Q: 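Structure in C-alpha cells, see below.
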Amino acid sequence: MALETLVIPQSFLWVKALHIIAIICWFAALFYLPRLFVYHAMSDDTVSHQRFEVMERKLYRGIMWPAMLGTLITGHFLVSIGDPYRHYHDALWFYLKISLVLFLVVYHLLCGYYRKQLIANPHYKTHVFWRYFNEVPTIALIIIVILVVVKPLF
C-alpha cells in the first residue's frame with residue numbers, strides 16, 4: 001500500500017508537532033549555551049562571571065533539560081505510533097539518526113559538566129575552544145535533517 005493512501009492517526013500529527021517544538025527549543029539552547037561559554041571565558045570581571053553563571057544555569061536547567069526531555073519523550077511516541085506506517089526499524093537512516101540524538105544527549109550532559117567547570121574557573125578553556133565546541137550541534141543538526149527528510153538508502 002502506498003504511503004499516501006495510509007491514514008495517519010491524528011495523535012501522530014499532534015505528537016509530531018510537539019516534537020518539532022521541543023527540537024527547536026532544545027537546539028536553540030544547544031546553540032546558545034556554548035556561545036555563553038565563549039563570552040564567559042572572555043570576561044575578566046567578577047560581575048560578568050556571576051551574570052554568566054546565572055544565565056547559563058537558567059538556560060541549562062530551565063530550557064535545555066525540559067526541551068531535551070520533551071524531544072526524547074515525543075520522539076519515542078512518534079516511533080511507537082508511527083512505526084506500523086513508516087517502518088522506521090527497517091531503515092538504516094533511522095539508526096544513524098538515533099545515534100546522533102544519543103550523541104547530542106552526551107553533548108548536552110557535557111555542557112552541564114563544562115558549565116560547572118566554568119563556575120570554578122572561568123578560564124577553564126579558551127574562548128577559541130568554546131567557538132569550536134559551539135559548532136558541534138550545528139553539524140549534528142544538518143546531518144539529522146538530511147537523514148530525516150531525504151531518508152537515504154544505503
Side-chain angles (χ1 to χ4, degrees), residues 1-41 52-120 124-125 127-154:
M1 186 179 336
L3 183 60
E4 295 80 28
T5 61
L6 291 175
V7 177
I8 297 173
Q10 191 72 17
S11 58
F12 181 86
L13 298 176
W14 277 101
V15 173
K16 189 176 191 179
L18 293 173
H19 185 64
I20 292 168
I21 292 166
I23 290 169
I24 291 168
C25 294
W26 190 29
F27 269 96
L30 286 171
F31 294 149
Y32 189 48
L33 185 61
R35 178 55 49 183
L36 288 177
F37 293 166
V38 170
Y39 301 138
H40 195 160
F52 285 118
E53 287 175 24
V54 170
M55 292 171 67
E56 292 160 2
R57 184 189 75 244
K58 288 182 177 186
L59 179 62
Y60 187 71
R61 290 183 184 168
I63 296 173
M64 277 180 78
W65 268 101
M68 180 188 70
L69 293 174
T71 299
L72 298 176
I73 291 167
T74 56
H76 169 75
F77 282 110
L78 281 176
V79 173
S80 298
I81 296 168
D83 198 45
Y85 304 96
R86 307 283 184 174
H87 306 289
Y88 297 128
H89 289 77
D90 297 337
L92 179 59
W93 70 266
F94 175 75
Y95 290 102
L96 294 173
K97 178 199 162 210
I98 295 301
S99 298
L100 284 168
V101 171
L102 292 175
F103 171 77
L104 285 170
V105 169
V106 171
Y107 181 87
H108 173 113
L109 297 172
L110 191 58
C111 283
Y113 170 79
Y114 282 149
R115 185 183 71 80
K116 289 182 180 179
Q117 295 303 313
L118 280 166
I119 291 170
Y124 171 67
K125 295 195 181 280
H127 68 92
V128 175
F129 170 83
W130 299 120
R131 289 178 195 277
Y132 285 112
F133 184 73
N134 190 41
E135 300 306 322
V136 172
T138 304
I139 295 165
L141 177 65
I142 291 167
I143 296 169
I144 288 171
V145 168
I146 290 170
L147 289 171
V148 170
V149 173
V150 177
K151 295 178 177 56
L153 299 172
F154 296 99

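As the structure is a prediction and not an experimental result, all values here were calculated from the model.
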Q: Hey, mind stepping through Val148 and Trp93 against side chain to side chain contact (heavy atoms under 4.5 Å, CB included) and telling me if it holds?
A: CA-CA 7 Å; Val148 170; Trp93 70 266; 4.2 Å; yes
Q: Of all residues at least two apart in sequence or in a different chain, which pass the side chain to side chain contact (heavy atoms under 4.5 Å, CB included) check with Ala29?
A: Leu59, Ile63, Met64
Q: Should Leu72 and Val105 count as side-chain neighbours, where that means a heavy-atom distance under 4.5 Å?
A: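 Of all side-chain heavy-atom pairs linking Val105 with Leu72, at least one is under 4.5 Å.
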Q: Taking only residues two or more places apart in sequence, or in another chain, which ones meet Ile24 in a side chain to side chain contact (heavy atoms under 4.5 Å, CB included)?
A: Ile20
Q: One pair to check against side chain to side chain contact (heavy atoms under 4.5 Å, CB included): Leu100 and Leu147. What are the steps and the verdict?
A: CA-CA 10 Å; Leu100 284 168; Leu147 289 171; 4.1 Å; yes
Q: Where is the tightest heavy-atom contact between Trp26 and His108, given as atom of each residue plus distance?
A: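 Closest approach of Trp26 to His108, heavy atoms only: NE1-ND1, 3.1 Å.
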Q: Rounded to the nearest 0.5 Å, how far apart are OG of Ser99 and CG of Leu104?
A: 11.0 Å
Q: Please, which pairs that meet ring pair (Phe, Tyr, Trp, His ring centres under 6.0 Å) have at least one residue in residues 133-154, sequence neighbours excluded?
A: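 Matches after skipping sequence neighbours: Tyr107-Phe133, Tyr114-Phe133, Phe129-Phe133, Trp130-Phe133.
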Q: Could you check if a side-chain atom of Val101 sits within less than 4.5 angstrom of a side-chain atom of Thr71, using non-hydrogen atoms only?
A: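 No, side chains not in contact.
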Q: List in chain and number order the residues that pass side-chain hydrogen bond (donor to acceptor under 3.5 Å, both in side chains) with Arg131, two or more places apart in sequence or in another chain; answer none if no residue qualifies.
A: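 If we apply the side-chain hydrogen bond (donor to acceptor under 3.5 Å, both in side chains) test to Arg131, skipping adjacent residues, the hits are His127.
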Q: Does NZ in Lys16 sit with more than 12 non-hydrogen atoms of other residues, nucleotides or ligands closer than 6.0 Å?
A: no
Q: Looking at every non-hydrogen atom in both residues, tell me the closest pair between Gly70 and Ala22 and how far apart they are.
A: C-CB, 3.7 Å
Q: Tell me whether Lys58 at atom NZ has more than 12 heavy atoms from other residues, nucleotides or ligands lying less than 6.0 Å away.
A: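 No.
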Q: If you count heavy atoms of other groups shown closer than 6.0 angstrom to OH of Tyr124, is the number above 12?
A: yes
Q: What is the distance from atom OG1 of Thr74 to atom NE2 of His76, rounded to the nearest 0.5 Å?
A: 10.5 Å
Q: Identify the two heavy atoms, one from Leu141 and one from Phe27, that lie closest to each other, and give their separation to 0.1 Å.
A: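 Heavy atoms only, the tightest pair is CB-CE2, 3.6 Å.
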Q: Within a 6.0 Å radius of atom CZ on Phe77, are there more than 12 heavy atoms belonging to other residues, nucleotides or ligands?
A: no
Q: Just how far is it from atom CE of Met55 to atom OH of Tyr39, taken to the nearest 0.5 Å?
A: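 Taking CE in Met55 and OH in Tyr39, the distance rounds to 9.5 Å.
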Q: Could you measure the distance from the CD1 atom of Ile144 to the CD1 atom of Ile98? Nearest 0.5 Å is fine.
A: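 Between Ile144 CD1 and Ile98 CD1, I get 9.0 Å after rounding to 0.5 Å.
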Q: Measure the spacing between CZ of Arg35 and OH of Tyr32 and express it to the nearest 0.5 Å.
A: 10.0 Å
Q: Could you tell me which non-hydrogen atom of Phe31 sits nearest to which non-hydrogen atom of Asn134, and how far apart they are?
A: O-OD1, 2.8 Å
Q: State, with a plain yes or no, whether a side-chain heavy atom of Leu118 is found less than 4.5 Å away from one of Glu53.
A: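 No, their side chains stay 4.5 Å or more apart.
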Q: Relative to the ring of Phe52, is the ring of His40 parallel (under 30°), tilted (30 to 60°) or perpendicular (over 60°)?
A: parallel
Q: Do you know the tightest heavy-atom contact between Glu56 and Leu36?
A: OE2-O, 3.7 Å
Q: I need the minimum non-hydrogen distance between Leu30 and Pro34, along with the two atoms involved.
A: O-CD, 3.0 Å
Q: Report the residues that fulfil side chain to side chain contact (heavy atoms under 4.5 Å, CB included) with Val128, sequence neighbours left out, ordered by chain and then residue number.
A: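 Per chain and number, Val128 pairs via side chain to side chain contact (heavy atoms under 4.5 Å, CB included) with Thr126, Tyr132.
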Q: For Phe103, check ring-ring contact (aromatic ring centres under 6.0 Å, His included) against everything at least two apart and list the hits.
A: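 Counting only residues at least two positions away or on another chain, Phe103 forms no ring-ring contact (aromatic ring centres under 6.0 Å, His included).
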